[in-house]
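Working notes, beginning with the structure itself.
Values reported hereafter were calculated over all heavy atoms of this structure, with side chains retained and with hydrogens, waters and symmetry mates removed.
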Amino acid sequence: MNALQSAFGTTLYTICTALLIILAIICLGFGAVPFGSLRVLFDAMAPDGNAAGYSQAFHNQISSRLFSSGIVLSLIGLLFLVFRKIFCHFFIELIYDAKNFTNDFNRSFRRYFLAPPLIYPVAILGITVFGFVLRFHFLDGSLNHDESADCQSMWILPLHKGLTYGPAAWQHPITILLGHISYVLFGDFNWAIHLPHFILGFLTIPLTYWFGCVLGSRLAGLVGAGYSAVAWPLVAYSVNGRGYAAGTLAFVAMLGLVLYIVKYNNRFAWVMLCFCAVVALFSVQSMIFAYGSTIVWLSGLACFSKGRRFDRNFWNNFILFCLASFFMTLLAYSPFWIMNGFEMLIGGKKVLEGASSLSIGNLSGYIIAAIYQLWSRDTLLILQIVTALGFIAALIGSWQARIFVIAAIAGTLPLFILIGEFRPPARLWNYLIPGMGVVVGLGLEYSTSFLRKKNKGLTSCLVVCPDFIGDNWIPYSDN
């Protein structure tokens, strides 16, 4: 660790501490200033000289929230100052780990996207291009009901209004943010509204391939990328201004980062995981289930890793990640809950309505049937059968696949506590499609390996290109 890295780390610590203190002062100041003084200030700032919307009742609502936020930020800033050596050392090590992470990422990219046999780079390039063209065909399609309503009521407004008004501001705020930016840059066109999600949607394809490579093999990555490229739900929501494309991309990134974190316990990777978690939670609120699945995925892999099971430093970082992702998500949603309150942020018509009259069995059956109908749309029966066989084989032959399925189910368990009479739509689980595609890839490879061991002649008849599936996969093979 050289002097330059130490200087960068110290500077980063100073900037973060200063930002916390400044934000605390601003919140405390606005929370403590009387209504009359603020009204005079806002009247002077208003174009017509009359900030009529800032009433005494509104001031009473937000002043307490701002003051409470200022107290919390002050306490966090105080911790940064009191434990200066610890936090400063953390940021210095963060800079050092960032360098290691960058080097490992470059090696991983060259290994999985550029290294021979060339059939793999050519295959992922072809799959990505096909997924791009497939989505591009629908890029300029008409806006559906939700898109049209949000565009008229949210996206064309200034951001400080769009992110604080109406139910869409808490249901899928990242759509408002990206839609507003695209609207300002390119104008009022359907393709401009769809563009941000189109980009995020097709980027999910190569990211799924990378996750499959790191988890198992390049073949598993190609199968997962293939599912991401053509699965109807992912294609549809890649050209739909809702937020599911952003959440899916962030979830796949978290799945891959978890593998790297379990292996190296890299602090910069923890920070990236926290950032991806905030993006996922800020995209659609239902991504809380994806966040829960990530926690279970991370905990499960760590418990099965001898080097991490009793690693105190690793579990300390795990707790810090949970706390940081929670507070950073609150910060991302702060424009909404400061203006509207926590009740609307965590409430709404579809959650926290009390006990549901739907039994767990009935609700589970409904969810499974709805997911199958959505995921199997426009899919040949033979491919559905192959998918089912690959999934079963993965559960038999891959312990990582079993942990992933457990994590996917465990992440959904809060649903049975949170909802009232609401039947959740199947699109809430679209984020699982890339990971399930990788799981199917692991199962298909396990099946072919099993058959090859039993009967090489039979395997040569079943497999068109032996070199295409010949690589033995090694868990966490990211060197």
Side-chain angles (χ1 to χ4, degrees), residues 108 111-131 204-231 234 252 255-256 259 297 300-301 304 372 375-376 379-408 432-479:
S108 179
R111 176 179 183 179
Y112 297 128
F113 287 89
L114 302 176
L118 292 179
I119 188 172
Y120 293 107
V122 172
I124 186 56
L125 178 61
I127 292 173
T128 303
V129 170
F130 182 81
T204 303
I205 300 171
L207 188 62
T208 302
Y209 168 73
W210 170 76
F211 165 61
C213 291
V214 177
L215 178 63
S217 69
R218 297 170 93 172
L219 174 61
L222 286 177
V223 173
Y227 275 85
S228 297
V230 301
L234 296 187
V252 176
L255 293 178
L259 298 173
W297 172 244
L301 292 179
F304 279 90
Y372 171 74
W375 288 13
S376 62
T379 303
L380 297 175
L381 180 60
I382 183 63
L383 293 181
Q384 297 182 37
I385 295 174
V386 172
T387 298
L389 293 176
F391 181 78
I392 295 173
L395 294 180
I396 296 174
S398 173
W399 63 273
Q400 294 102 324
R402 291 193 289 271
I403 293 178
F404 178 80
V405 173
I406 292 173
L432 290 173
I433 294 178
M436 288 299 181
V438 171
V439 167
V440 171
L442 292 175
L444 293 177
E445 186 170 29
Y446 171 78
S447 301
T448 54
S449 299
F450 178 80
L451 291 174
R452 184 172 52 193
K453 292 178 182 179
K454 292 295 182 180
N455 190 329
K456 293 184 178 181
L458 176 61
T459 304
S460 62
C461 296
L462 294 175
V463 181
V464 176
C465 182
D467 292 337
F468 188 67
I469 66 166
D471 294 345
N472 292 323
W473 61 273
I474 304 174
Y476 314 132
S477 56
D478 195 34
N479 290 331

Practice problem: Please name the pair of heavy atoms, one in Pro206 and one in Ile124, separated by the smallest distance, quoted to 0.1 Å. | Solution: CA-CD1, 4.4 Å
Quiz item: When the aromatic ring centroids of Tyr209 and Phe113 are compared, is their separation below 6.0 Å?
Solution: yes
Quiz item: Is the Phe211 ring parallel, tilted or perpendicular to the Trp297 ring (thresholds 30°, 60°)?
Solution: perpendicular
Quiz item: Does Ser228 reach the side chain of Ile127, with side-chain heavy atoms less than 4.5 Å apart?
Solution: no
Exercise. Might you point out which heavy atoms bring Thr379 and Gln384 nearest each other, and give the distance in Å?
Key: O-NE2, 2.9 Å
Practice problem: Would you name the heavy atoms of Ala394 and Val439 that are closest together and state the gap between them? | Solution: CB-O, 3.2 Å
Quiz item: Considering only heavy atoms from C-beta outward, does the side chain of Ser108 approach that of Trp210 to under 4.5 Å?
Solution: yes
Exercise. Determine, stepwise, if the pair Ile205 / Phe130 fulfils side chain to side chain contact (heavy atoms under 4.5 Å, CB included).
Key: CA-CA 10 Å; Ile205 300 171; Phe130 182 81; over 6 Å; no
Quiz item: Taking C-beta and beyond as the side chain, do Leu255 and Phe404 meet within less than 4.5 Å on heavy atoms?
Solution: yes
With a 3.5 Å cut-off and sequence neighbours excluded, list the donor-acceptor pairs that the side chains of residues 386-393 form with protein atoms.
from: Thr387; atom 1: OG1; to: Tyr227; atom 2: OH; distance (Å): 2.3
from: Thr387; atom 1: OG1; to: Leu383; atom 2: O; distance (Å): 2.8

Quiz item: Within a strict 4.5 Å, meaning less than it, do heavy atoms of the Trp399 and Leu301 side chains meet?
Solution: yes
Quiz item: Do you know which two heavy atoms are closest between Arg218 and Ala115, and how far apart they sit?
Solution: NH2-O, 3.0 Å
